[in-house]
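What's counted below: heavy atoms across the whole structure, side chains too, no hydrogens, waters or symmetry copies.
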Amino acid sequence: MTGSFAQDRLVDFAERVASANVVFFVGAGFSRDSEGNTGERLVRRLAARVLGLCDALVAELKATGPKADEVQRLRATFKALHAPRIAETKPEFVWELSRNYYPFNDWCVSALADLADMLCDLATSTAATALVAQVEAREAHWLATIGSGPSAAPPTAPGMRRPTPRLARSKPMPPDPIKLKAIDIATLQAIRVRLSDKTILGKILFLEAMGFDCADVMAGDVTKKDRLAVERSFRRRLRRRHHVLARLAREGLSPVLLTTNFDLLIEGAYRLAGFSDWASGASPGTVPSSTTGLSLEPPTRHPFLARITAAPEFFEKRDGGRVASIVKIHGCTDAFRNALRDASNADWRSLLRTIVFTYREVQNWRQDSWSRDLVYTLLRTRAVAFCGYSTADPVLHDTVRNTYEDMAQRASAPSTSGSRCENAPAFFFGPKGFKEFHGLEVLRAASRAIGVGHPELTEHPNYLHFRLPWEPEVANLDESFAWIFHAVLRRRQIQAVEAELGSVVSLLLGHPVPGRLLQKVADDLQTLWEQEQDAARTWGAAAVDRVAFAHTVAWTEHFHPALLRDVALAQRTAILGRPTSGIDALRDGYWYYPANENFGWTAWGAVVELALRRLAAHLAGQPTRWATASLPASGGPPLLSPLTNDDMPAAGVTRGAGHPLPVRLELSIGRFHRPGTRPMAHALTAATVRWESDTRSLPWSSTPIQGPTAATLWELATGTVRTAPSTSHSNWIDSLRNPS
């Protein structure tokens, strides 16, 4: 049976990612469902600001000056240029504004500059507080009114036919719950006096309307030292896809990421994964141990995060390749927030040039040589994956196409056999059922760059489809990224087993092991990965398919990262001399210890998984199901399911008929928990059984506190248990069958 999940193309893409040959280019669509900042929402906020200022100024100017007619003309121009013959209350009004937003943005910055200038003049002779309150009231009115009414009625004149409106045009917009930030007239006046440039005032009002200084619109504070505080600041808006990008960066597979986004979601995920802000000048784990002064966090090869918005930052924040860079080629909301904290002394001219929002600024981006040349270089040397970015931006689209076309001209004559479209140095993520014209054109240009003569017009193998969140099929964008990471980590594990398994097993067992057993583990791990892929090819819209997907990726999304994290933290605890609450705080499920940081631990983690799979299959009396132990079968539950809401490496072990709830098996590093803590049963499990080991050893020493020895785990993983586990290891086997 063949399903709708295109796992083969995702695995091919993951292979490119695993070879550190992919640069992610992230656009607004990547985070639209987390922040909710659609084009329609943002232009409505901007229109509400323009109209609110016009209303308040007209009311004031009628009493104090002759400029009321000028404001009225500006308001009339706003309506005539951007939404003629459509009332502001109609959804079509917002849609007309958002479908061609660059010229609209350009006009609004200029209009807001004039309005801000008048506002500052009026405030010198009028009570500023009352004037600001009047502006706020009118902005609130328009924010609740614009686009909230019924769709415009279709024309009724004979012979006129109106096309079926888009969903966004036909449905009224609910009121925006987040009001616009009150205008700070005193700050605007101070900036105007210092810089004598009202255009800067217009851009400031523009960015405030976009929510640049509002955590409810663009959430997060990545400058906080405390990771828990960073997590809280994002208000649950980070998605799996953001965390996958952060983990790939921690693995050293994504040292540079490009984005046109202003928000902070990606760097928020990076911070939670363990990166320290390069700008802080602090080492990772900035809180030292009170006893030794050493950093609490285990050291890693790529400890720093650098956000790049200008040329000086790009050249300064390198640190010998230990930095993961997020290049924000259109600017960053954090820079604007920092400037507002010291508005009177901020370098507004330099800052606002880095924040690209208007058509003129996008055109001028070509002159920003550092980012332009960086994009050129990455397009020529790496595969670029466009995620949530339509490539419809005329300037960037032209840049990408020109680069690939230049590569095609410099390449040899077009080939009809040697080069294939799937080898093109570009990928494009798009919703299933839609064909983004600009994305397809970029992929076709990338194919010609490697010598493909005539790529198809309507199809391309590197167009990676995902399902929309409300569709029942596997996989949506988050699930697609979870599967990509699953494929990457499986590849890492296979490499680790081939390279380091012999050494780590000899260390744990105290003697060398036969090469045939090392090869058996490598073969079994490869078999496991192949069976997971075979199962994935059958997944579609059935509820059981999504369950199977969740249990499969849980190994690499939760279990193995938790196991590696615990081992790394246990070793750090041993170095520090005793457990500390600071280290325990790192076990929040986000902090990520890279699999390639210690291939020995990664290889042993694969052994642990194989051992658990064979053990679960043995307990169920189905020993041949070890490779599919995490997949539902015949309507029954999986034999072994990694638990996804645990900060520890844990799994549910099914005990067979008559036992509806599985046992929660927790793999724990002993002497690591705070005194007095006890294992607690998960809500969906019957009880908890904890296997513990000593912090001074690798995962399971030869004399564990409880649970199987390393030798027993090795025998289980390789299928070489000399006697039945139920008799030779009755204590911990019985604890699974009959948990207390």
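Evaluation of the side chain to side chain donor-acceptor pair (under 3.5 Å) rule for R227 yields D588 as partners, not counting sequence neighbours. In this view, R236 satisfies the side-chain contact (heavy atoms from CB on, under 4.5 Å) rule with no residue, not counting sequence neighbours. With sequence neighbours excluded, the residues forming a side chain to side chain donor-acceptor pair (under 3.5 Å) with D334 are R307, listed by chain and number. Residues forming a side chain to side chain donor-acceptor pair (under 3.5 Å) with D184 (at least two apart in sequence, or on another chain): T187. Looking at residues two or more places apart in sequence or on another chain, you find no ring-ring contact (aromatic ring centres under 6.0 Å, His included) involving Y404. Looking at residues two or more places apart in sequence or on another chain, you find a ring-ring contact (aromatic ring centres under 6.0 Å, His included) between Y590 and H243. Judged as a side chain to side chain donor-acceptor pair (under 3.5 Å), and not counting sequence neighbours, the contacts of R401 are H397, E405.
Between A446 and P425, the shortest heavy-atom contact is O-CD, 3.4 Å. In terms of heavy-atom proximity, D263 sits nearest to L265 at OD1-N, 3.3 Å. The minimum heavy-atom distance between T309 and C332, with the atom names listed, is CG2-CB, 3.9 Å. C120 and L188 make their closest contact through SG-CB, 3.8 Å (heavy atoms, listed as atom of the first residue, atom of the second, distance). The heavy-atom pair separating P172 from S148 by the smallest distance is CB-O, 3.3 Å. L379 and V400 get closest at one heavy-atom pair: CD1-CA, 3.9 Å.
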For C54 and L74, what are the C-alpha separation, side-chain angles and deciding distance, and is it a side-chain contact (heavy atoms from CB on, under 4.5 Å)? CA-CA 8 Å; C54 286; L74 187 150; 3.8 Å; yes
Decide side-chain contact (heavy atoms from CB on, under 4.5 Å) for L115 and L205; before the verdict, give the C-alpha distance in whole Å, the side-chain angles of both, and the deciding distance to 0.1 Å. CA-CA 10 Å; L115 293 170; L205 290 182; 5.9 Å; no
Taking it one step at a time, do I200 and R349 satisfy side-chain contact (heavy atoms from CB on, under 4.5 Å)? CA-CA 7 Å; I200 289 176; R349 285 195 175 92; 3.6 Å; yes
side-chain contact (heavy atoms from CB on, under 4.5 Å), that's the test. Do V356 and T260 meet it? Break it down for me. CA-CA 9 Å; V356 177; T260 55; over 6 Å; no
Run the salt bridge (Lys or Arg N to Asp or Glu O under 4.0 Å) test on R73 and D69 for me, step by step, so that the C-alpha distance in whole Å, both residues' side-chain angles and the decisive distance to 0.1 Å come before the verdict. CA-CA 6 Å; R73 288 194 299 271; D69 288 343; 5.1 Å; no
Set out, in order, the CA-CA distance, both residues' side-chain angles and the distance that settles ring-ring contact (aromatic ring centres under 6.0 Å, His included) for F262 and F336, then state yes or no. CA-CA 10 Å; F262 310 100; F336 181 76; over 10 Å; no
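Listed by first and then second residue, the salt bridge (Lys or Arg N to Asp or Glu O under 4.0 Å) pairs involving residues 138-150 are R49-E139, D55-R138 (not counting sequence neighbours). Sequence neighbours left out, the pairs with a member in residues 24-34 that pass side-chain hydrogen bond (donor to acceptor under 3.5 Å, both in side chains) are S31-H242, D33-R241. Under the salt bridge (Lys or Arg N to Asp or Glu O under 4.0 Å) criterion, the residue pairs touching residues 107-117 are D114-K198, D117-R192, with sequence neighbours excluded.
A heavy-atom distance below 4.5 Å is found between the side chains of L207 and I355. Looking at F434 and L468, their side chains come closer than 4.5 Å, going by heavy atoms from C-beta outward. Taking 4.5 Å as the limit, some side-chain heavy atom of H330 sits within range of a side-chain heavy atom of D393. No side-chain heavy atom of V256 sits under 4.5 Å from any side-chain heavy atom of I308. Proximity of L272 to F234: side-chain heavy atoms (C-beta onward) are nowhere separated by under 4.5 Å. The shortest side-chain heavy-atom distance between P303 and E297 does not fall under the 4.5 Å cut-off. With contacts defined as side-chain heavy-atom distances shorter than 4.5 Å, the pair R232/K224 does not qualify. At a threshold of 4.5 Å between non-hydrogen side-chain atoms, the residues N338 and L351 do not count as touching.
Separation of atoms CZ (F24) and CG (L257) is listed at 8.0 Å; rounding is to 0.5 Å. From L112, atom CG reaches atom CZ of F206 across 8.5 Å, with rounding to the nearest 0.5 Å. How far CD of E231 is from CG of D226: 10.0 Å, rounded to the nearest 0.5 Å. Considering OG of S325 and NE2 of H302, their distance stands at 10.5 Å, rounded to 0.5 Å. With values rounded to the nearest 0.5 angstrom, E88 atom CD is found 9.5 Å from T145 atom OG1. The CG atom of L264 lies 11.5 Å from the CZ atom of R271; values are rounded to the nearest 0.5 Å.
Counting only distance, with no hydrogens or angles, the side chain of D197 and the backbone of T199 share a donor-acceptor pair below 3.5 Å. Judged purely by atom type and a 3.5 angstrom limit, R382 has no side-chain atom pairing as donor or acceptor with the backbone of V23. Looking at R45, its side chain does come within 3.5 Å of a backbone N or O of A209 through a donor-acceptor pair. In this structure a side-chain-to-backbone donor-acceptor pair under 3.5 Å is missing from D221 to S233. The backbone N or O of V94 sits nowhere less than 3.5 Å from a side-chain atom of R44 that would complete a donor-acceptor pair. When atom types are taken as modelled, the side chain of W348 and the backbone of A343 share a donor-acceptor pair closer than 3.5 angstrom.
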Run the side-chain donor-acceptor check on residues 210-220: report pairs under 3.5 Å with partners two or more places apart or on a different chain.
| unit_1 | atom_1 | unit_2 | atom_2 | d |
| --- | --- | --- | --- | --- |
| D213 | OD2 | K181 | NZ | 2.6 |
| D216 | OD1 | R235 | NH1 | 2.1 |

Please list, one pair per line, the donor and acceptor atoms closer than 3.5 Å that link side chains of residues 385-392 to other protein atoms, with sequence neighbours excluded.
| unit_1 | atom_1 | unit_2 | atom_2 | d |
| --- | --- | --- | --- | --- |
| S390 | OG | A392 | N | 3.2 |
| T391 | OG1 | H438 | O | 3.3 |
| T391 | OG1 | G439 | N | 3.4 |

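Applying ring pair (Phe, Tyr, Trp, His ring centres under 6.0 Å) to F429 and the options F30, F481, F25 leaves one that passes, F481.
Contact check on R380 versus D406 returns a salt bridge, with a Lys/Arg side-chain nitrogen under 4.0 Å from an Asp/Glu carboxylate oxygen.
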